[in-house]
Amino acid sequence: MNILIYPAPQLRQKAKAVKEIKESFYERTQEMLNLMYEAKGIGLAANQVGWMERVLVKDETGERTGERVFINPVILHQEGETLEEEGCLSLPGVFGKVIRSEKVVVAAYTLNGERLEIKAEDLSARVWQHEIDHLNGTLIIDKMTPASRLANSKRLKELEQAFREETSRVRTR
Ligand code: ZN
C-alpha cells in the first residue's frame, strides 16, 4: 500500500459505499494510519491508497492519540464559511486557499459498526470536508481560489509530467 499521487486516476473516481465491514478492514486501515503518520498528514481517504470504498482515517493531533477510522461518512449539516490554506498528501508541494464550511455534523460508522454523529469545527471540520471530497473524486485543486490555482499551475504540470514518466517506465519494464 502506498499513497497515490496526482494525477493517479483513482483520485478522480467515486469510492463505493461499504456494504459489509470485513475483518481485513482492521489491517488495511492500520496501514493507512501508518502511511498518514509517516507523511505527517492528519487525514487519508481510502481511494488515496487505491482502495475504492468509502473509508477514511483521520487524526488531527497527528500524534497517534486521536486516530479514528470512519466508514460511509456523510455530512448531515454544515454552516459558516472559512477560507484557509490547505494541502493534500496526494498533491505534494501544492498549497492553496480553499473555502470550507466552518462547522459540520457528520454521520459515520466505526469499525465495530457503531453509528456516530460527530460535530466538528475549524480544522476538524476542514479535514472531514477534505476527506469526504476525496471519496467523491474531488481534489483541493477543484475548489481553490483562482489565484491559488494559478500559483500552483507549474507544480501541477510537474506532477503530471512525473506521473507520465512513471507510467511509461512501468509499461516498458
Ligand atoms: Zn487530500
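Ligands are counted one by one from 1 in listed order, and the atoms in each one are counted from 1 as well. From a predicted model like this one, the values you see are computed outputs, not experimental measurements.
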Inset, instruction - Answer yes or no: does atom CD of E165 have more than 12 heavy-atom neighbours from other residues, nucleotides or ligands under 6.0 Å? - result: yes

Inset, instruction - With sequence neighbours left out, write down each residue that passes ring pair (Phe, Tyr, Trp, His ring centres under 6.0 Å) with Y6, or none if nothing qualifies. - result: none

Inset, instruction - Taking atom types as modelled, find out whether T110 and R68 have a side-chain donor-acceptor pair closer than 3.5 angstrom. - result: no

Inset, instruction - Around the Zn ion (ligand 1), list the protein N/O/S atoms within a radius below 2.8 Å, excluding water molecules. - result: C88 SG, H130 NE2, H134 NE2

Legend entry - Check: Q161/R164 side-chain N/O donor and acceptor closer than 3.5 Å: yes

Inset, instruction - Please determine if R126 and E86 form a salt bridge, counting it only when a charged side-chain N lies under 4.0 Å from a carboxylate O. - result: yes

Inset, instruction - Give, for atom CG of L11 and atom SG of C88, the distance between the pair rounded to the nearest 0.5 Å. - result: 7.5 Å

